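Only heavy atoms go into these numbers, but all of them, side chains included; no hydrogens, no water, no symmetry mates. Just so we're clear, the structure is a prediction, and the values are computed from it rather than from any experiment.
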Amino acid sequence: SINCGRIFFVLKSLAIPWSKEVPFVSHVIGKSIYPTRLSSRKQYLNKFGREYIDEFKGYNINSSQKMEYPIQNYLYHLSLYPANNSIIKNKFESDLISKNINPFVALNQKIINGKMFFEYIKTYTEIYKLIFSNDNLDIEPLKDFKKFYKTYLLKYNGSNRKGDEYLRLIYEALIILLLDKFGEASVLKFYKILYRIIYSHRIASRNIDYRSLNNFLDEIKIFYYIEFFYQLDEIDEKLNYILKLRINNKDIQNRHINKNIVKLEPIIIKMIMEGKDG
């Protein structure tokens with residue numbers, strides 16, 4: 001499990017009742033933020049635990065003391081809010097914008113200890129709640145996405161299998177990374193194609209474990225592309241290219257026809273293979 005001692009202090013600083021929120025924040029850190037940071041660097045995934053807490057060790061930035069390393073000059077600049085907030089582009093464009101979402105943090109940033117680390121954790125915990133919780137289901141423009149998420153990731157027969165849970169966590173992490181870099185509009189544009197790419201692995205593999213998942217992610221490199229591309233047109237072109245390769249893969253084509261091999265509901269297979277609602 002995650003280092004609950006550190007989580008306790010994070011939650012305490014955020015004035016959140018730790019006994020109620022520790023499991024949720026641990027989920028966001030260990031199963032959303034952590035795999036995103038690793039996959040964006042093309043590193044293999046593993047189950048987050050105490051031995052990997054170094055991923056969240058950061059630099060100390062103190063304006064009253066001389067910096068120890070040149071990199072801290074850059075991080076110090078990041079820790080300062082710009083004077084002209086009117087030019088800031090928020091992650092959400094809708095009424096779902098939360099006061100707990102800091103527009104000056106990024107998922108794959110270098111960690112800055114202290115207040116900025118707390119802001120970092122608070123921001124992505126809030127984003128996770130806004131996107132994936134059952135609250136505000138009827139609020140536009142995320143209404144269609146939330147309905148899709150519930151139908152195609154949570155409510156089908158087999159969604160609670162370990163392999164399906166792994167795929168759902170990868171999908172959630174990709175959605176948050178996309179939102180973090182390109183904003184709400186990019187999620188609304190790409191959430192279906194991301195689903196089709198990630199869940200094509202459910203058809204391709206009878207058993208999904210960390211080894212299978214790492215091989216799959218190493219093949220498609222989708223986190224890396226989202227992190228390092230600068231324009232949505234580049235993302236669009238690359239996602240469609242990856243999807244075409246996946247759907248036309250002979251093994252996937254053969255397996256999706258054989259209903260005795262693929263234990264998925266027809267509506268799920270139809271969405272993966274054709275992009276159409278059941």
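Distance alone, capped at 3.5 Å, places no donor-acceptor pair between the K192 side chain and the F148 backbone. Counting only distance, with no hydrogens or angles, the side chain of E265 and the backbone of N157 share a donor-acceptor pair below 3.5 Å. Side-chain atoms of N249 do not come within 3.5 Å of backbone N or O of L245 as any donor-acceptor pair. Although no hydrogens or angles enter the test, the distance criterion places a donor-acceptor pair under 3.5 Å between the side chain of N102 and the main chain of F104. Judged by distance alone, the side chain of Q253 and the main-chain N or O of I247 form a donor-acceptor pair under 3.5 Å. Between the side chain of K155 and the main chain of Y149, no donor-acceptor pair closer than 3.5 Å is present. Judged by distance alone, the side chain of K221 and the main-chain N or O of D218 form a donor-acceptor pair under 3.5 Å. Under a 3.5 Å cut-off, the side chain of D180 and the backbone N or O of L107 do form a donor-acceptor pair. Distance alone, capped at 3.5 Å, places no donor-acceptor pair between the S212 side chain and the I208 backbone.
The two atoms that bring L154 and S159 nearest to each other are O-OG, 2.9 Å, heavy atoms only. Minimum heavy-atom separation, R206 to R202: O-NH2, 2.9 Å. Smallest separation of non-hydrogen atoms from F92 and L142: CE2-CD1, 4.1 Å. Looking at every heavy atom in both residues, V105 comes nearest to K91 through O-NZ, 3.1 Å. N108 and E227 get closest at one heavy-atom pair: ND2-OE1, 2.8 Å. Of all non-hydrogen atoms in S40 and Y224, the two that sit nearest each other are O-CD1, 3.6 Å.
At a threshold of 4.5 Å between non-hydrogen side-chain atoms, the residues R37 and I111 count as touching. Looking at heavy atoms from C-beta onward, L239 lies in side-chain contact with I222 at the 4.5 angstrom threshold. Looking only at side-chain heavy atoms (C-beta outward), I176 and T36 stay at 4.5 Å or farther from each other. Using a 4.5 Å heavy-atom threshold, the side chains of D144 and Y191 count as touching. Counting heavy atoms from C-beta outward, Y171 and L174 have side chains that stay 4.5 Å or more apart. Within the 4.5 Å cutoff, the side chain of S133 has heavy atoms near those of the K146 side chain. Counting heavy atoms from C-beta on, the side chains of S186 and I235 never come closer than 4.5 Å. Here the side chains of D277 and T151 are not in contact, with every heavy-atom distance at 4.5 Å or above.
Distance check, rounded to the nearest 0.5 Å: NZ of K147 to NZ of K150 gives 10.5 Å. Atom OH of Y225 is separated from atom CD1 of I220 by 9.5 Å, given to the nearest 0.5 angstrom. Taking CE of M273 as the reference point, atom CG of N248 lies at 8.0 Å (rounded to 0.5 Å). Separation of atoms CD (E184) and NZ (K189) is listed at 15.0 Å; rounding is to 0.5 Å. Expressed to the nearest 0.5 Å, how far CD1 of I101 lies from CG of L179 amounts to 7.5 Å. In this structure, CG on N113 lies 15.0 Å from NZ on K115, to the nearest 0.5 angstrom.
For Y241, the OH atom is loosely surrounded, since the number of other residues' heavy atoms within 6.0 Å does not exceed 12. Crowding of R41 atom CZ: a count of heavy atoms from other residues, nucleotides or ligands under 6.0 Å exceeding 12. The number of heavy-atom neighbours closer than 6.0 Å to CD of E274, taken from other residues, nucleotides and ligands shown, is above 12.
If you look at Y124 and Y120, their ring centroids are closer than 6.0 Å.
If you check the side chains of D236 and N240, you find a donor sitting under 3.5 Å from an acceptor.
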Step by step, work out the side chain to side chain contact (heavy atoms under 4.5 Å, CB included) result for L264 and I272.
CA-CA 11 Å; L264 282 172; I272 296 170; 4.2 Å; yes
Does the side chain to side chain contact (heavy atoms under 4.5 Å, CB included) test come out yes or no for D233 and E237, once each step is laid out?
CA-CA 6 Å; D233 288 347; E237 182 179 351; over 6 Å; no
Derivation and outcome, side chain to side chain contact (heavy atoms under 4.5 Å, CB included), residues L153 and D164
CA-CA 8 Å; L153 286 92; D164 294 67; over 6 Å; no
Pair Y156-I267, side chain to side chain contact (heavy atoms under 4.5 Å, CB included): steps then yes or no
CA-CA 9 Å; Y156 66 89; I267 65 164; 5.7 Å; no
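Between R246 and E219, at least one side-chain nitrogen of the basic residue sits less than 4.0 Å from a carboxylate oxygen of the acidic one, meeting the salt-bridge criterion.
Each of L169 and I33 belongs to its own hydrophobic cluster when Ile, Leu, Val, Met, Phe, Trp and Tyr are linked at side-chain heavy-atom distances under 4.5 angstrom. Following chains of ILVMFWY side-chain contacts shorter than 4.5 Å, one can reach V187 starting from L232, so the two form part of one hydrophobic cluster. A continuous path of Ile, Leu, Val, Met, Phe, Trp and Tyr side chains, each step under 4.5 Å between heavy atoms, connects I170 with I193, placing both in one hydrophobic cluster. Linking ILVMFWY residues whenever their side-chain heavy atoms come closer than 4.5 Å, directly or via other members, places M271 and L188 in the same cluster.
Checked against R168 for a side chain to side chain contact (heavy atoms under 4.5 Å, CB included), the options F132, Y199, Y152, Y195 give a single hit: Y199.
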